[in-house]
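Hydrogens, waters and symmetry mates play no part in the numbers below; they use all other heavy atoms, side chains included. Residue numbers start from 1 in every chain, and the chains themselves are labelled A, B, ... in the order their sequence lines are given, proteins ahead of strands.
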Amino acid sequence: MKIQRVKGMYDILPEQSAIWERVESSALATLKAYGYQQIRLPVLERTKLFAQAIGQETDVVSKEMYSFDDRNNESLTMRPEGTAGCVRAMVQAGLIHHHISKVWYNGPMFRYENVQRGRNRQFYQIGGEATGVSTPDIDAEMVLLLQAVWADLGLDNLTLEINSLGDAETRQTHRQALQSYLGEHRSRLDDDSIRRLDSNPLRILDSKNPNMQSLIAEAPVLLDYLDDESTRHFTDFKAILDACGVEYVVNPCLVRGLDYYNRTVFEFKTDALGAQGTVCGGGRYDSLIERQGGRATAAIGFSMGVDRLVELMMVCENNLAHPAPDVYVVIDPSGKVMVEAQHVVEQLRKACPQTVFQMNLGAGSFKAQFKRADKSGAQLALVLGEDEMVSRTAVIKNLRDRDAIERTVDLNDLGSPHTSHLLSV
RNA sequence: GUGGAUGUAGCUCAGUUGGCAGAGCGCUGGAUUGUGACUCCGGAGGUCGAGGGUUCAAACCCCUUCAUCCACCCCA
């Protein structure tokens with residue numbers, strides 16, 4: 001039996017890697033333009049870091065972590081998300097003592113979940129964290145930054161949902177109100193909802209069950225419980241989005257799965273990817289840094305699911321062109337010129353650094369080589385046959401224009417502008 | 001953890017009542033001297049997911065198991 005890949009962990013094959021590169025480079029360039037600097041973090045952290053930061057009771061910590069004891073009998077965990085480790089690093093390095101720090105990271109995260117479309121056990125996130133700013137201007141700038149990434153990628157079908165969770169007290173008070181309200185109408189709840197009553201009552205408000213809609217409509221709304229400062233924060237946040245022409249939906253039921261969030265939370269969603277439509281999520285975590293032992297510092301972060309963005313790019317058929325070489329080099333099938341041909345092409349690569357040359361490798365008749373040349377997508381074929389090598393020339397054939405005449409280059413004059421011109425595409 | 005679907009060539013998939021393992025694409029050789037695309041003729045490539053059972057005979061029926069996909073839950 002051949003050894004197969006581990007469930008939920010995928011190989012990113014050459015066919016897709018170009019799109020990955022596109023998403024990553026687009027995010028990188030935009031983050032740079034908004035003043036974010038890269039931070040590179042370990043995959044392994046101490047287990048208690050995540051338990052503390054994310055919350056012992058969350059699904060992620062209670063049943064989805066890849067944890068194990070190392071040889072020193074210390075429990076380590078493969079990071080299930082990026083923020084906890086990033087905050088740990090920033091506190092450890094003293095970065096939170098600046099007026100503001102903006103960092104971004106990119107890498108694999110691990111959660112032991114049942115796989116389905118858009119949900120893998122090893123998945124990739126590009127995340128950004130900004131510490132030191134408690135005002136809503138940074139919240140809005142982060143959303144604008146993300147919008148700029150979508151625009152750059154040509155993704156125009158994402159909807160932005162926002163909400164404010166207030167502070168911890170807000171959520172606690174609302175949760176109790178919600179539980180007592182739903183508890184009073186227990187008879188109208190379906191089985192799923194009764195199960196969630198203790199674990200996650202806010203989720204009940206998301207139910208699609210038509211029999212419960214009137215009940216849900218009357219339920220206590222989190223936004224009504226916000227303290228004054230959170231309300232003002234949320235209002236100002238929305239005002240900046242409005243001024244910048246950002247469309248959004250206030251979703252009072254939007255909650256995040258990790259405990260550290262407060263105030264502003266947001267998600268970018270698509271309906272083109274099946275059930276897992278959240279492509280990017282984020283929010284404030286103003287008390288996390290202090291809880292991690294740092295000086296009390298406000299902070300906000302986001303993370304985008306690169307796997308999902310890549311899939312969305314493929315669904316939208318945005319630019320799936322395979323990268324093609326510019327010049328395919330056909331050499332004499334006899335093998336007599338193999339040594340010299342490699343030398344010539346090496347000189348050409350230096351003389352024309354913008355041009356991508358693909359040597360024919362692994363022998364083959366002229367016929368076979370031209371078939372490969374055609375299939376490669378190259379514009380030009382450079383023919384280094386035995387006759388040409390004797391006369392120190394090479395033939396350039398245009399593979400995309402039937403009527404173009406074949407041209408000849410002088411192999412003694414490879415560095416000349418004339419040669420470069422003939423080979424430029 | 002709970003449902004449902006699917007496993008046959010590198011890929012996408014046919015395979016009738018149980019009766020020789022198939023197609024398209026891809027790969028590869030050829031169709032008169034060293035030239036691709038369109039066309040034509042060849043070739044290679046299979047433990048039919050795995051194990052067991054029924055049968056003269058199993059890709060097909062039965063049992064077990066593994067894997068994949070989709071969904072619930074939850075999240076990026």
Engineer: In chain order, what residues pass the side chain to side chain donor-acceptor pair (under 3.5 Å) check against A:Gln172, with sequence neighbours excluded?
Structural biologist: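 In terms of side chain to side chain donor-acceptor pair (under 3.5 Å), with neighbours along the sequence ignored, A:Gln172 is linked to no residue.
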Engineer: Which dot-bracket notation, 5' to 3', represents the base pairing of RNA chain B when pairs are defined as Watson-Crick or G-U with both distances under 3.5 Å, crossing pairs as [ ], and inter-strand pairs as |?
Structural biologist: (((((((..((((.....[..)))).(((((.......))))).....(((((..]....))))))))))))....
Engineer: Applying a 4.0 Å non-hydrogen cut-off, can you work out what A:Arg5 is touching in the nucleic acid: base, sugar-phosphate, or nothing?
Structural biologist: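 Counting heavy atoms under 4.0 Å across all strands, the contact made by A:Arg5 is with sugar-phosphate only.
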Engineer: Does B:U68 have OP1 or OP2 sitting under 4.0 Å from an N or O in the side chain of A:Lys7?
Structural biologist: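 Affirmative; the distance criterion is met.
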Engineer: What's the CG-P distance between A:Leu399 and B:G36, to the nearest Å?
Structural biologist: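 Value for this atom pair: 11 Å.
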Engineer: Hey, could you give me each pair passing side-chain hydrogen bond (donor to acceptor under 3.5 Å, both in side chains) that has a residue in residues 141-158 of chain A? Not counting sequence neighbours.
Structural biologist: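 Counting only pairs at least two positions apart or across chains, the side-chain hydrogen bond (donor to acceptor under 3.5 Å, both in side chains) contacts touching residues 141-158 of chain A are A:Ser26-A:Asp152, A:Lys102-A:Glu141.
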Engineer: Apply side chain to side chain donor-acceptor pair (under 3.5 Å) to A:Arg400 and list each qualifying residue two or more places apart in sequence or on a separate chain.
Structural biologist: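 A:Arg400: side chain to side chain donor-acceptor pair (under 3.5 Å) contacts with A:Asp374.
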Engineer: How would you list, by chain and number, every residue that makes a salt bridge (Lys or Arg N to Asp or Glu O under 4.0 Å) with A:Glu81, sequence neighbours excluded?
Structural biologist: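 Counting only residues at least two positions away or on another chain, A:Glu81 forms no salt bridge (Lys or Arg N to Asp or Glu O under 4.0 Å).
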Engineer: Just the rounded figure in Å: distance from C1' of B:U33 to CG of A:Asp387.
Structural biologist: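 Nearest whole value for this atom pair: 11 Å.
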Engineer: Below the 4.0 Å mark, does B:U68 have OP1 or OP2 next to a side-chain nitrogen or oxygen of A:Tyr10?
Structural biologist: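 So the side-chain polar atoms of A:Tyr10 never come under 4.0 Å of the phosphate oxygens OP1 or OP2 of B:U68.
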Engineer: For A:Phe370 and B:G36, is the gap between ring centres under 5.5 Å while the planes differ by less than 30°?
Structural biologist: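 No, the aromatic ring of A:Phe370 does not stack with the base.
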Engineer: Whole Å only: how far is the CZ atom of A:Arg402 from the C1' atom of B:G36?
Structural biologist: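 The answer, rounded to whole Å, is 10 Å.
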Engineer: Within a strict 4.5 Å, meaning less than it, do heavy atoms of the A:Leu380 and A:Leu399 side chains meet?
Structural biologist: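 With C-beta onward as the side chain, the pair stays apart.
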Engineer: Report, one pair per line, the protein and nucleotides 40-46 of chain B atoms (nitrogen or oxygen only) whose separation is under 3.5 Å.
Structural biologist:
none

Engineer: Counting primed atoms plus P, OP1 and OP2 as sugar-phosphate and everything else as base, spell out the protein contacts along nucleotides 71-76 of chain B at 4.0 Å heavy-atom distance: B, S or - for each nucleotide, 5' to 3'.
Structural biologist: BBBBBB
Engineer: Please output the side-chain donor-acceptor pairs of residues 267-277 of chain A that fall under 3.5 Å, not counting sequence neighbours, one pair per line with the distance.
Structural biologist:
from     : atom 1 : to       : atom 2 : distance (Å)
A:Glu267 : OE1    : A:Thr278 : OG1    : 3.0
A:Glu267 : OE2    : A:Arg256 : NH2    : 3.3
A:Lys269 : NZ     : A:Glu161 : OE1    : 3.0
A:Thr270 : OG1    : A:Ala272 : N      : 3.0

Engineer: With sequence neighbours excluded, tell me which residues meet side chain to side chain donor-acceptor pair (under 3.5 Å) with A:Ser376.
Structural biologist: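 A:Ser376 satisfies side chain to side chain donor-acceptor pair (under 3.5 Å) with no residue once adjacent residues are dropped.
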Engineer: Run the side chain to side chain donor-acceptor pair (under 3.5 Å) test against A:Glu340 and tell me which residues pass, sequence neighbours left out.
Structural biologist: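 Expected list: A:Arg392.
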Engineer: Enumerate the protein-to-nucleotides 29-32 of chain B contacts in which both atoms are nitrogen or oxygen and the separation is below 3.5 Å.
Structural biologist:
none

Engineer: State whether A:Lys397 places a side-chain N or O below 4.0 Å from either non-bridging phosphate oxygen (OP1 or OP2) of B:G34.
Structural biologist: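 Checking A:Lys397 against B:G34: no side-chain N or O falls below 4.0 Å of OP1 or OP2.
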Engineer: Just to verify, what does A:Glu346 make a salt bridge (Lys or Arg N to Asp or Glu O under 4.0 Å) with, not counting sequence neighbours?
Structural biologist: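 Counting only residues at least two positions away or on another chain, A:Glu346 forms a salt bridge (Lys or Arg N to Asp or Glu O under 4.0 Å) with A:Arg349.
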Engineer: How about A:His185 and A:Tyr181: are their ring centres within less than 6.0 Å of each other?
Structural biologist: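 Yes, the ring of A:His185 comes within the 6.0 Å limit of the ring of A:Tyr181, centre to centre.
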Engineer: Between C1' on B:U35 and CG on A:Asn398, what's the gap in Å once rounded to a whole number?
Structural biologist: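 Taking atom C1' of B:U35 as the reference, CG of A:Asn398 is at 13 Å.
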Engineer: Please state how far atom CG in A:Asp403 lies from atom P in B:A37, giving the value in whole angstrom units.
Structural biologist: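 Rounded to whole Å, this separation is 17 Å.
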